[in-house]
Amino acid sequence: MTMGLFSRKKRNRAETGDELDPRDERTPEQGEEELPGQGEDLAPQEPEEDRDEERAGGEPSPRGEHLEDGPFDEAEAPDEERIDLGGLQVPTIDGMELRMEVDQRSSAVTGANLVLGGSSLQVQAFAAPKSRGLWEDVRRSLRDSVVTQGGTAETRSGAFGTELITRLPVKRADGRTGYRPARFIGIDGRRWFLRAILTGKALGDSEQSRRFETLLSRLVVVRGTGAMAPQELIPLHLPGEHPGLDQIRSGPLDPLARGPEITEVG
């Protein structure tokens with residue numbers, strides 16, 4: 001269940017139900033989601049070969065000028081107006097909708113979706129050990145899970161390092177199968193790991209994509225000092241009242257489950 005939508009402007013509803021034609025060979029960053037054409041073959045693509053660090057390989061890409069120095073650890077974050085979500089602090093941006101995900105059984109807040117212009121960035125923060133990052137292991141686990149479900153996954157170099165581009169099969173209302181693309185971004189911080197999933201129009205629009213990258217680089221992770229197991233979700237809470245934000249009820253937005261593993265959501 002998704003609850004608690006907060007918007008600084010009158011919202012434009014994100015288009016979240018579209019599906020890609022599986023015969024479309026464009027990667028998500030080159031084309032928007034499309035409905036399969038009538039009478040076209042909807043058989044899944046062959047899974048990508050394992051192309052992890054080797055595909056992304058080489059020297060890290062220079063940090064883009066559109067990025068801030070974050071995501072920030074709480075101790076290093078610059079002064080800026082932000083929405084307090086507990087384990088995450090989100091900058092306020094005109095036109096942004098904030099959709100909070102709440103587990104129906106436990107009532108725990110499990111993630112935040114930042115919605116701009118028909119695209120969504122789901123963000124979640126996890127505890128990590130001091131000695132090593134988590135993104136490499138989480139990325140491989142995600143890739144294996146997507147392929148097991150009949151989707152495709154490949155790595156590439158992105159704004160924050162190695163990313164994972166996936167196409168997950170989804171059932172259409174007419175019973176046929178389409179494919180939904182997503183861009184997974186992982187960032188290892190100081191005893192924390194931040195995972196972001198970008199979906200929607202920004203996958204095919206470089207300007208919108210950079211806008212979400214800038215937003216991601218301004219987030220603050222509040223890890224706290226308590227002991228936590230690696231990959232344990234850093235607790236979040238609803239933002240409550242905030243000047244300039246109107247609370248609106250929202251339906252489910254993100255097609256992927258919370259946590260480093262992907263599962264289908266009914």
**Q.** Atom of G200, atom of S119 and distance for their closest heavy-atom approach
**A.** C-OG, 3.5 Å
**Q.** Value rounded to 0.5 Å, distance of CD in Q124 from CG in L236
**A.** 8.0 Å
(Q) If I compare all heavy atoms of R143 with all of A153, which pair ends up nearest, and what's the gap? (A) CG-CB, 3.6 Å
(Q) Let me confirm one number: the CZ-CG distance from R210 to D205, rounded to the nearest 0.5 Å. (A) 8.5 Å
(Q) So M228 and P235, do their side chains get closer than 4.5 Å, heavy atoms only? (A) yes
Q | From CG (L98) to CG (L238), nearest 0.5 Å | A | 9.0 Å
Q. For R191, does its backbone N or O pair with a side-chain atom of R223 as donor and acceptor, under 3.5 Å?
A. yes
Q: Identify the two heavy atoms, one from L216 and one from P71, that lie closest to each other, and give their separation to 0.1 Å.
A: O-CG, 3.3 Å
Q. Do the side chains of R195 and Q122 get nearer than 4.5 Å, heavy atoms only?
A. yes
Q | With E213 via salt bridge (charged side-chain N to carboxylate O under 4.0 Å, His left out) - residues at least two apart | A | R183
(Q) Using the rule that Ile, Leu, Val, Met, Phe, Trp and Tyr join whenever any side-chain heavy atoms are under 4.5 Å apart, tell me whether L215 and F160 fall into a single cluster. (A) yes
Q.
Measuring only between side-chain heavy atoms, which start at C-beta, is R82 closer than 4.5 Å to T92?
A. no
**Q.** Minimum-distance pair of heavy atoms, taken over all atoms of L134 and A127
**A.** CD1-O, 3.4 Å
Q.
According to a hydrophobic-cluster definition based on side-chain heavy atoms being under 4.5 Å apart (Ile, Leu, Val, Met, Phe, Trp, Tyr only), do L114 and V220 belong together?
A. no
Q. With side chains defined as the heavy atoms from C-beta onward, is the minimum distance between V146 and L164 less than 4.5 Å?
A. no
(Q) Could you work out, with salt bridge (charged side-chain N to carboxylate O under 4.0 Å, His left out) as the rule, every residue matching E232, not counting sequence neighbours? (A) none
Q.
Could you check whether any side-chain heavy atom of N113 comes within less than 4.5 Å of a side-chain heavy atom of E97, counting everything from C-beta outward?
A. no
Q. Cluster question for you: counting only ILVMFWY and a side-chain heavy-atom cut-off of under 4.5 Å, with indirect links fine, are L198 and I93 together?
A. yes
Q | Approximate separation, where rounding is to 0.5 Å, of F184 CZ and T166 OG1 | A | 4.5 Å
Q: Check whether V222 and L85 end up in the same hydrophobic cluster, where Ile, Leu, Val, Met, Phe, Trp and Tyr are linked by side-chain heavy atoms less than 4.5 Å apart.
A: no
(Q) Regarding E154 and R156, does a basic nitrogen lie under 4.0 Å from an acidic carboxylate oxygen? (A) no
Q: Would you please test V90 and L219 for side-chain contact (heavy atoms from CB on, under 4.5 Å) and show each step?
A: CA-CA 5 Å; V90 180; L219 295 183; 4.0 Å; yes
Q. How far apart are the C-alpha atoms of Q208 and L116, what are their side-chain angles, what is the distance that settles it, and do they pass the side-chain contact (heavy atoms from CB on, under 4.5 Å) test?
A. CA-CA 9 Å; Q208 285 196 35; L116 284 167; over 6 Å; no
Q.
Checking R139 against E163 for the side-chain contact (heavy atoms from CB on, under 4.5 Å) test, could you report, in this order, the C-alpha distance in whole Å, the side-chain angles of both residues, the deciding distance, and whether it holds?
A. CA-CA 8 Å; R139 186 173 66 247; E163 302 178 351; over 6 Å; no
Q) Is R140 paired with E136 through a side-chain N to carboxylate O contact shorter than 4.0 Å? A) yes
**Q.** Polar side-chain atom of S120 near backbone of T199 as donor-acceptor pair, under 3.5 Å
**A.** no
Q: Is it possible for you to say whether F72 and V221 belong to one hydrophobic cluster, with membership spreading through side-chain heavy-atom contacts below 4.5 Å?
A: no
Q: To the nearest 0.5 angstrom, please state how far the CE atom of M96 sits from the CG atom of L121.
A: 10.0 Å
Q. Is there a side-chain contact (heavy atoms from CB on, under 4.5 Å) between V147 and T152 once you walk through the steps?
A. CA-CA 5 Å; V147 172; T152 63; over 6 Å; no
Q) Looking at CD1 of I185 and CD1 of I165, how far apart are the two atoms once the value is rounded to the nearest 0.5 Å? A) 8.0 Å
Q: Would you please name every residue forming a ring pair (Phe, Tyr, Trp, His ring centres under 6.0 Å) with W135, sequence neighbours left out?
A: F193
Q | Check: S145 side chain, L142 main-chain N or O, donor-acceptor pair, under 3.5 Å | A | no
Q. If you look at every heavy atom in I197 and A182, which pair is closest and at what distance?
A. CG2-CB, 4.0 Å
